[in-house]
Number of protein chains: 2
Amino acid sequence: MDERGKPSEVRISDLASELGLTKGTVSRALNGYEDISKKTRKRVTEVARILGYVPTTQARRLAMGLTETIGLVLPPVPSQPVNTFVSEFIDSISTALNIHGYDLLVHSVNSEKSEVDQYQRLVHSRKVDGFIILRTLEADTRVDYLLKEGFPFVTHGRTARMAEHDWFDIDGEKAFRDATSHLVKLGHQRIGFVGGGNEFFSAQLRLKGYRNMMEETYDNKISGLEQPGDLTGLGGETAARNLLKQNPCPTAILCANDATALGVIKAARELGFRIPQQLSVIGYDGIALGGYLDPPLTTLTFSIEASGREIVAMLLRRLKEPGLPIISKLASATLKLRGSEGPPT
Amino acid sequence: MDERGKPSEVRISDLASELGLTKGTVSRALNGYEDISKKTRKRVTEVARILGYVPTTQARRLAMGLTETIGLVLPPVPSQPVNTFVSEFIDSISTALNIHGYDLLVHSVNSEKSEVDQYQRLVHSRKVDGFIILRTLEADTRVDYLLKEGFPFVTHGRTARMAEHDWFDIDGEKAFRDATSHLVKLGHQRIGFVGGGNEFFSAQLRLKGYRNMMEETYDNKISGLEQPGDLTGLGGETAARNLLKQNPCPTAILCANDATALGVIKAARELGFRIPQQLSVIGYDGIALGGYLDPPLTTLTFSIEASGREIVAMLLRRLKEPGLPIISKLASATLKLRGSEGPPT
DNA sequence: AAAATAAACGAAACCGGTTTCGGTATTTTA
DNA sequence: TAAAATACCGAAACCGGTTTCGTTTATTTT
């Protein structure tokens with residue numbers, strides 16, 4: 001214990017000389033090597049505890065040739081901070097990583113450099129052992145780059161090259177089939193859809209789920225109700241105006257995410273629609289705030305915490321056994337009925 | 001350029017032998033030492049570029065005795081993910097740090113270990129050069145610990161010991177004076193207040209701002225309208241029920257944050273109050289989602305991005321010049337009128 | 001009791017950089 | 001032109017650990 005301000009400056013050499021051993025021996029004693037006598041090991045760990053010795057991370061990592069650090073590069077999201085996904089996700093993966101002795105390094109994409117540049121820097125400077133990739137695109141340059149380098153990573157979301165890399169995803173296709181089916185059962189026929197950017201693979205799958213269910217149910221007789229979106233509230237507003245000026249207009253609208261749904265609801269209200277009486281709205285994401293709306297937003301939801309834990313587990317497995325065949329996992333979202341949908345009038 | 005999968009494995013020694021120099025010379029050439037001829041320096045940088053040499057971070061940091069990393073330990077927030085503050089804040093500070101060559105290390109508090117333990121581990125294992133502390137309490141054990149260790153950090157929010165450490169804060173007292181004053185000018189007399197947990201210093205200051213303005217305006221004739229809260233929607237609901245069952249009941253309610261405001265609005269609606277006609281509500285945080293409510297939530301807001309940038313600047317200054325006197329900065333929030341308040345009826 | 005084996009630790013190389021110090025070769029000064 | 005100063009680079013120590021290899025001592029084996 002040091003009385004002074006500075007944190008303990010005990011190095012392994014200090015420990016060694018204190019014990020009358022060499023630092024190599026101390027290191028092996030502390031790391032459970034078998035060629036250390038029980039008595040010595042006990043003595044070493046005891047003195048280490050008393051002196052408050054903690055190995056310097058940088059030195060250990062240099063010697064062992066690993067970083068025990070996982071990188072997360074935040075995708076540049078121009079003003080779409082409606083979603084708490086990122087913070088919850090960071091929380092869950094850092095928790096999971098910490099448990100296994102790994103650290104989480106968070107980087108941002110500052111305007112000057114491209115996104116792939118960030119990955120490149122992190123790889124070459126050996127700051128991380130692997131990556132977690134968020135918001136995958138169908139053609140994803142980050143994935144392309146890391147595959148080319150042979151650098152470990154797991155994506156949250158699928159890509160066009162999903163057969164070549166580990167991934168975790170929510171089954172958005174099934175989720176939107178379910179949601180559409182739910183609306184159909186309530187009696188809706190003209191069900192609108194507001195998508196996300198089509199560059200996102202997930203957006204395509206959600207659209208697919210919706211479209212397939214509509215085609216199967218109404219045998220291609222009801223169409224023209226798909227609108228592009230951009231996963232923001234503003235995008236939802238414009239899409240809703242386009243849909244609601246049609247005649248006959250939709251009695252329900254399915255949205256690619258909750259932010260979009262909020263925009264749709266806002267625009268619909270301004271046009272005089274009452275929800276859910278005159279228009280049912282369903283979102284996707286399960287943001288907590290949806291429960292405080294009036295009416296509370298019905299949405300498709302999944303556990304961010306579980307997703308993060310799963311992804312971390314996959315990545316750590318990959319790091320441990322690089323030769324493993326591709327790992328992937330498809331989890332499912334559940335429809336959380338809260339009140340923004342009902343039978344059509 | 002390597003054709004194979006592996007990332008470039010060029011070490012400084014490879015560069016040196018390729019150039020016919022020693023690694024010491026190469027290092028100095030690359031780091032701008034004055035005892036290297038212009039010609040040699042040019043040759044070194046050129047070959048380094050061609051071979052794609054990037055110094056291994058771990059080695060550099062070990063040799064230089066620094067980590068170039070800042071730690072952020074996420075405070076354990078039991079189910080309060082209504083706020084996007086954390087993700088936006090992380091985004092802004094990592095951007096600011098990256099620009100200066102620093103990394104951001106994010107840790108979580110896994111149940112087993114206490115929060116201070118996390119800081120202790122990070123300090124002793126020398127993983128970070130400094131910390132950014134979020135959600136300060138009046139008596140903050142994290143601050144106590146780091147002050148004791150003499151370890152650099154900047155807080156977002158003040159503490160009881162703010163005279164002893166660097167801090168950045170939003171002037172919540174003034175903000176709530178302003179908001180109260182705004183409601184007074186609209187004609188409100190019975191203005192309610194729902195606080196945050198009183199262990200947070202910020203919550204106390206917000207309450208103080210509200211209370212002082214009320215006392216000054218109504219000369220202590222109007223009181224009993226303060227309710228405790230917990231910064232969550234649920235807390236807002238119960239507080240609102242307590243306030244609204246009074247007779248006469250408040251015509252406006254000021255909330256310690258937006259999540260609370262959402263809860264207040266929900267409860268008020270359920271009790272039959274129309275907003276803002278029968279009850280004005282004002283929040284604090286400026287969450288983007290508030291703009292999509294009906295009516296849009298009037299709130300006190302400030303730039304998270306600017307806060308993050310400022311805090312990073314303060315911390316880096318501190319690291320560069322440890323002897324500097326305490327640095328602090330008080331920024332102000334602005335009242336964003338959106339529609340959830342109006343004159344009383 | 002001598003030889004073989006096992007147990008326990010010391011010595012030294014290594015990870016990949018940075019930095020100090022000292023020694024030539026070259027230029028400047030006297 | 002000899003001496004002093006300067007420019008430029010090599011050699012080696014160092015950061016704080018880990019790991020391999022070899023040596024000594026203690027224990028078995030024959």
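Within every chain, numbering begins at 1; the chains are lettered A, B, ... in the order of the sequence lines, protein sequences first and strands thereafter. None of these values were measured; they are calculated from a predicted model.
- In this structure, A:His156 and A:Phe89 have perpendicular ring planes: the angle between them is above 60°, well past the 30° mark.
- The CZ-C1' distance, from B:Arg60 to D:dC14, rounds to 16 Å in whole Å.
- For the pair B:Ser37 and D:dC9, the criterion of a side-chain N or O lying under 4.0 Å from OP1 or OP2 is met.
- Across the protein-nucleic acid pair, B:Leu66 atom CG and C:dG17 atom P stand 15 Å apart, rounded to whole Å.
- Computed from coordinates, the A:Ile36 CD1 to D:dT18 C1' distance equals 13 Å when rounded to whole Å.
- The base of D:dC9 lies close enough to the side chain of B:Asp35 for a donor and an acceptor atom to sit less than 3.5 Å apart.
- The separation between A:Lys42 atom NZ and C:dA8 atom C1' is 18 Å, rounded to whole Å.
- The pair B:Glu68-B:Arg60 meets the salt-bridge criterion, with a side-chain N (NZ, NE, NH1 or NH2) lying under 4.0 Å from an Asp/Glu carboxylate O.
- Checking D:dT20, C:dT19, C:dA8 against every side-chain atom of A:Arg28, the shortest atom distance belongs to D:dT20.
- One atom, CG of A:Leu30, and another, P of C:dC9, lie 14 Å apart when rounded to the nearest Å.
- You'll find that the side chain of A:Ala63 is closest to D:dG17, out of D:dG17, D:dC9, C:dG10.
- Among D:dG17, C:dG16, C:dT20, the nucleotide with an atom closest to any side-chain atom of B:Tyr33 is C:dT20.
- Between D:dG17, D:dT18, C:dT18, one nucleotide has an atom nearer to the side chain of B:Asn31 than all others, and that is C:dT18.
- Remark: B:Arg41 CZ is packed, more than 12 non-hydrogen atoms of other residues, nucleotides or ligands lying under 6.0 Å away.
- Between B:Met64 atom CE and C:dT20 atom P there is a gap of 11 Å when expressed in whole angstrom units.
- The listed nucleotides are C:dA8, C:dG10, C:dG17; the one nearest the side chain of B:Ile12 is C:dG17.
- The side chain of A:Thr25 contributes no N or O atom lying less than 4.0 Å from OP1 or OP2 of C:dC9.
- Using a 4.0 Å cut-off between a side-chain N of Lys or Arg and a carboxylate O of Asp or Glu, A:Asp103 and A:Arg61 qualify as a salt bridge.
- Put simply, A:Ser13 has no side-chain N or O that comes within less than 4.0 Å of OP1 or OP2 on D:dG17.
- Atom CZ in A:Arg61 sits about 16 Å away from atom C1' in D:dC15, given to the nearest Å.
- Rounded to an integer number of Å, the gap from CD of A:Gln58 to C1' of D:dT18 is 16 Å.
- By the 4.0 Å N-to-carboxylate-O rule, A:Arg161 lies close enough to A:Asp144 to be salt-bridged with it.
- Under 4.0 Å is where a charged nitrogen must lie from a carboxylate oxygen, and between A:Lys42 and A:Glu46 no such pair does.
- Nearest-nucleotide positions on DNA chain D place B:Lys38 closer to the 5' end than the other of B:Lys38 and A:Pro55.
- Closest-nucleotide positions on DNA chain D for A:Gly24 and B:Glu34 were compared, and the one nearer the 5' end corresponds to B:Glu34.
- For the pair A:Thr56 and D:dG17, the criterion of a side-chain N or O lying under 4.0 Å from OP1 or OP2 is met.
- The side chain of B:Leu62 lies closest to D:dC15 when the candidates are C:dC9, D:dC15, D:dG17.
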